[in-house]
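Contents: one structure, followed by commentary.
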Number of protein chains: 2
Amino acid sequence: MEAKPKIPRPTVKRLSLYLREVGLLAAAGRRTVSSKQLGSALGLTGAQVRKDLAFFGQLGHPGIGYEITRLHAHLRQVLGRDRTWNAALVGVGNIGRALLAYQRFAQEDFHITAVFDSSDRAIGQEYGGRAVHGMDDMPALVRQHEIKLGILAVPADSAQHVADLLIEAGVTGILNFAPRRLDVGDTISVTSVDFTLALEQLAFQVSAGLTGSFVDTND
Amino acid sequence: MEAKPKIPRPTVKRLSLYLREVGLLAAAGRRTVSSKQLGSALGLTGAQVRKDLAFFGQLGHPGIGYEITRLHAHLRQVLGRDRTWNAALVGVGNIGRALLAYQRFAQEDFHITAVFDSSDRAIGQEYGGRAVHGMDDMPALVRQHEIKLGILAVPADSAQHVADLLIEAGVTGILNFAPRRLDVGDTISVTSVDFTLALEQLAFQVSAGLTGSFVDTND
DNA sequence: TTTTGTGAAACGCTTCACAGCG
DNA sequence: CGCTGTGAAGCGTTTCACAAAA
């Protein structure tokens with residue numbers, strides 16, 4: 001057996017932020033960063049950054065900092081970003097269509113390669129050059145495109161049902177935009193994005209006169 | 001001085017979930033819920049639910065559970081949902097337009113009452129019956145509509161600048177859809193929704209073969 | 001009996017502080 | 001010196017377990 005370090009969830013979230021920031025630094029031609037510099041760009045302490053990066057063993061150089069290209073490659077690999085991901089989108093309502101048009105996903109090598117909807121009015125339509133398929137086509141297309149990720153942009157009522165369909169079709173990770181907890185097996189991962197919850201958290205903070213910011217994204 | 005209990009942030013997030021669930025139960029005509037029932041609907045333990053609700057003092061009845069109408073009213077009040085919120089949307093790109101068309105915000109008494117964009121092509125257009133204003137109109141409209149919440153749906157490059165404009169106009173809470181940390185004063189609250197971060201977290205979990213779900217929303 | 005409210009224990013993450021390397 | 005990696009301390013949250021109320 002191996003020593004599996006088991007990265008804490010808060011750390012994983014920050015790793016994504018590090019990757020983003022390091023990508024910018026790389027593009028700017030920088031050679032190295034210290035934990036302190038990287039941290040202050042993201043509102044974190046140097047110690048926090050070092051602890052996070054130390055999960056992968058000796059990665060930085062005392063007195064120097066972290067070599068940007070090396071760190072960048074390492075983070076990409078750890079986060080599974082050293083490859084392209086195909087995703088299936090279900091639901092071409094307001095949110096679904098916005099995601100189809102959203103440039104950043106493609107930029108980051110997440111490709112929506114199949115689109116589904118249950119409405120007869122939607123099926124057969126095209127959005128951004130991608131045809132909308134009926135749910136029946138899901139198993140075949142998911143297999144064909146080797147899709148591992150499903151993006152759920154359907155109403156709350158049908159979220160669980162559609163999640164079940166996606167899983168049955170072979171998807172192992174679901175990005176859920178519906179304001180509903182999904183019940184999935186132990187082998188499936190779910191990350192949720194809940195606009196209304198986010199707004200509500202904000203309203204609480206404002207009405208409580210609370211200070212300070214409160215970043216998040218999914219949990 | 002008063003005993004201010006200071007509710008932990010993880011608890012606040014769950015309070016929103018309780019409110020949602022209790023709303024459904026109320027609509028279904030149920031009279032009471034136990035902490036265990038409420039918890040299992042949301043994937044939480046009874047103890048967790050009780051601890052959360054105990055912040056407001058004796059609210060449930062041993063042997064019975066929690067009275068739904070009372071709990072509902074209480075949660076609404078605590079979360080600042082016993083009133084209507086006006087919000088300003090900035091940015092009518094893909095995400096901004098999806099939010100304008102998103103029914104649920106209005107359903108939950110969050111009203112987008114002013115819409116802004118910096119592009120000359122967008123200004124003057126109408127979306128869902130709401131005219132797009134230039135940034136110059138922001139201070140006047142924010143004051144006029146008594147807007148406290150700003151929704152930031154602009155590119156990452158301009159997010160900080162627009163946030164500054166919103167704050168100067170009088171907004172005290174910002175819902176940020178840009179993949180950027182916002183630097184704001186201590187008196188302003190920020191909640192972020194970051195699609196790409198969410199997708200990336202999911203990709204990590206899937207590629208790590210990790211099990212289990214991972215709900216979130218903003219952090 | 002059922003179910004709450006709550007101290008106490010357990011857990012996980014962050015912060016501190018410093019030895020050691022370049 | 002500057003900066004990393006890390007044990008140890010500190011802090012906040014969750015889980016446990018049980019006395020008390022209906």
Side-chain angles (χ1 to χ4, degrees), chain A residues 3-18 22 25 30-68 70-71 74-75 78 201 210 212-216 219, chain B residues 3-18 22 25 30-68 70-71 74-75 78 201 210 212-216 219:
Chain A
K4 263 229 236 155
K6 239 221 204 164
I7 304 172
R9 276 218 275 253
T11 295
V12 178
K13 209 180 287 184
R14 287 190 298 268
L15 291 180
S16 283
L17 300 176
Y18 300 151
V22 168
L25 293 172
R30 286 277 302 275
R31 291 278 320 282
T32 62
V33 232
S34 71
S35 60
K36 196 171 178 197
Q37 292 169 334
L38 189 49
S40 77
L42 297 164
L44 305 168
T45 68
Q48 178 86 83
V49 174
R50 291 199 299 279
K51 261 269 148 75
D52 288 340
L53 297 181
F55 277 98
F56 318 119
Q58 210 81 3
L59 202 55
H61 306 281
I64 309 285
Y66 299 85
E67 207 190 315
I68 288 186
R70 175 145 181 252
L71 182 54
H74 213 286
L75 288 171
V78 168
Q201 297 293 304
L210 276 180
S213 75
F214 175 26
V215 182
D216 207 314
D219 268 75
Chain B
K4 263 231 238 154
K6 240 222 203 164
I7 304 173
R9 278 219 270 255
T11 295
V12 177
K13 207 180 286 186
R14 287 189 299 268
L15 291 180
S16 284
L17 300 176
Y18 301 151
V22 167
L25 293 172
R30 285 279 302 276
R31 292 277 318 286
T32 61
V33 231
S34 71
S35 60
K36 195 168 177 198
Q37 293 169 331
L38 190 49
S40 76
L42 297 165
L44 305 168
T45 68
Q48 178 86 85
V49 174
R50 291 199 299 281
K51 260 270 147 76
D52 287 341
L53 298 180
F55 277 98
F56 318 119
Q58 210 81 3
L59 203 55
H61 305 283
I64 310 285
Y66 298 85
E67 206 188 317
I68 289 186
R70 176 146 179 252
L71 182 54
H74 213 284
L75 287 170
V78 168
Q201 297 293 304
L210 274 181
S213 73
F214 175 25
V215 181
D216 207 313
D219 269 75

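This is a predicted model, so every value here is computed, not measured. Residue numbers start from 1 in every chain, and the chains themselves are labelled A, B, ... in the order their sequence lines are given, proteins ahead of strands.
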Interatomic distance, A:Ile68 atom CD1 to A:Leu25 atom CG [nearest 0.5 angstrom]: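 Taking CD1 in A:Ile68 and CG in A:Leu25, the distance rounds to 4.5 Å.
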Atom pair CZ (A:Arg14) and CG (A:Leu38), whose distance is rounded to the nearest 0.5 Å: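 Answer rounded to 0.5 Å: 11.5 Å.
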Closest to side chain of A:Pro10, choosing from D:dT13, D:dT4, C:dT14: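 Between D:dT13, D:dT4, C:dT14, the one nearest the side chain of A:Pro10 would be C:dT14.
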Sugar-phosphate, base or nothing in reach of A:Leu53, heavy atoms under 4.0 Å: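 No contact.
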Sugar-phosphate only, base, or nothing, as touched by A:Lys51 at under 4.0 Å among non-hydrogen atoms: base
Nearest heavy atoms of B:Lys6 and B:Phe55, plus distance in Å: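 What the structure gives for the nearest pair is O-CE2, 4.2 Å.
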Minimum-distance pair of heavy atoms, taken over all atoms of B:Leu59 and B:His74: CD1-CD2, 3.7 Å
Rounded to the Å, how far apart are [X] [atom1] and [N] [atom2]?
{"X": "B:Lys6", "N": "D:dG12", "atom1": "NZ", "atom2": "P", "result": "7 Å"}
{"X": "B:Leu15", "N": "D:dT13", "atom1": "CG", "atom2": "C1'", "result": "14 Å"}
{"X": "A:Ile7", "N": "C:dC13", "atom1": "CD1", "atom2": "P", "result": "12 Å"}
{"X": "B:Lys36", "N": "C:dG5", "atom1": "NZ", "atom2": "C1'", "result": "17 Å"}
{"X": "A:Arg14", "N": "C:dT15", "atom1": "CZ", "atom2": "C1'", "result": "12 Å"}
{"X": "A:Phe55", "N": "D:dT6", "atom1": "CZ", "atom2": "C1'", "result": "12 Å"}
{"X": "B:Glu67", "N": "D:dA21", "atom1": "CD", "atom2": "C1'", "result": "16 Å"}
{"X": "A:Asp52", "N": "C:dT14", "atom1": "CG", "atom2": "P", "result": "7 Å"}

Min side-chain heavy-atom separation A:Phe56-A:Ile7 under 4.5 Å: yes
Close side-chain approach of B:Tyr18 to B:Leu44, heavy-atom, < 4.5 Å: yes
What N/O pairs connect the protein and nucleotides 19-22 of chain C at under 3.5 Å? Give each pair on its own line.
residue: C:dG22; atom: O4'; partner: A:Pro62; partner atom: O; Å: 3.3

N or O in side chain of [X] less than 4.0 angstrom from [N] OP1/OP2:
{"X": "B:Tyr66", "N": "D:dA22", "value": "no"}
{"X": "B:Ser35", "N": "C:dT3", "value": "no"}
{"X": "B:Arg50", "N": "D:dC16", "value": "no"}
{"X": "B:Gln48", "N": "D:dT15", "value": "yes"}
{"X": "B:Gln58", "N": "C:dT4", "value": "no"}

Any donor-acceptor pair under 3.5 Å from B:Gln37 side chain to B:Ser34 backbone: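 Yes; judged by distance alone, with no hydrogens or angles, the pair exists.
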Position toward the 5' end of DNA chain C (nearest nucleotide), B:Gln37 or B:Ala47: B:Gln37
